[in-house]
Amino acid sequence: MAMDSCVYQHFGRLDAILYNAGYGYMSAVEEIDLVEAQANFDTNVFGTLSVIQAALPFLRDQRSGHIITLSSIGMSSDICRCSANA
């Protein structure tokens, strides 16, 4: 059973979904590891999409609720030299 349906069954509603999963991947174009770039994209984009898709049916049924997606990035002086910043 998915966590969202467990929460919904226990409390009878979902008021807010707080999603904070993801990580950064930085590299120069010629050094991008496609496997690493794909894993990063899968986590940051499709992971977020999966959480939203799981929550929306409950939020639509109750006609209320919030989805909050957080992201963070560690900044350094080298970030300007990178081509892949996800």
Side-chain angles (χ1 to χ4, degrees):
M1 180 181 297
M3 180 57 140
D4 51 357
S5 52
C6 290
V7 171
Y8 189 80
Q9 288 178 3
H10 181 77
F11 293 106
R13 64 180 293 112
L14 290 175
D15 293 317
I17 304 296
L18 176 62
Y19 179 75
N20 183 27
Y23 66 97
Y25 176 70
M26 293 186 286
S27 179
V29 169
E30 64 272 12
E31 296 173 356
I32 293 173
D33 180 312
L34 294 180
V35 172
E36 288 293 324
Q38 182 68 52
N40 179 266
F41 197 85
D42 288 345
T43 298
N44 295 343
V45 176
F46 292 117
T48 302
L49 180 60
S50 295
V51 170
I52 292 169
Q53 287 179 328
L56 275 179
F58 299 103
L59 301 179
R60 282 194 177 125
D61 284 346
Q62 65 192 28
R63 300 179 60 88
S64 67
H66 302 279
I67 299 173
I68 303 162
T69 302
L70 300 177
S71 178
S72 62
I73 185 169
M75 299 299 280
S76 74
S77 61
D78 290 335
I79 198 162
C80 296
R81 298 183 198 139
C82 296
S83 298
N85 290 317

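Values reported hereafter were calculated over all heavy atoms of this structure, with side chains retained and with hydrogens, waters and symmetry mates removed. All values reported here derive from a predicted model rather than from experimental measurement.
Closest heavy-atom contact between S27 and I32: OG-N, 3.3 Å. Between L14 and L59, the shortest heavy-atom contact is O-CD2, 3.5 Å.
Ring geometry, Y8 versus F58: the interplanar angle falls from 30° to 60°, so the pair is classed tilted.
Separating the CD1 atom in I17 from the CD1 atom in I52 is a distance of 10.0 Å, to the nearest 0.5 Å. Distance check, rounded to the nearest 0.5 Å: NE2 of H66 to CG of L18 gives 12.5 Å. Interatomic distance, Y25 OH to Q38 CD, rounded to the nearest 0.5 Å: 12.0 Å.
In the hydrophobic clustering of this structure, M26 does not group with V35; members are Ile, Leu, Val, Met, Phe, Trp, Tyr whose side-chain heavy atoms approach within less than 4.5 Å, directly or through other members.
Side-chain atoms of T43 never come within 3.5 Å of backbone atoms of G47 as a donor-acceptor pair (strictly under, hydrogens ignored).
A39 is linked by a side-chain contact (heavy atoms from CB on, under 4.5 Å) to Y23, counting only residues two or more places apart in sequence or in another chain. In this structure, the side-chain contact (heavy atoms from CB on, under 4.5 Å) partners of T69, at least two apart in sequence or on a different chain, are Y19, T48, I67.
Within the structure, every pair that satisfies the salt bridge (Lys or Arg N to Asp or Glu O under 4.0 Å) test and touches residues 8-23, not counting sequence neighbours, is listed here: R13-D15.
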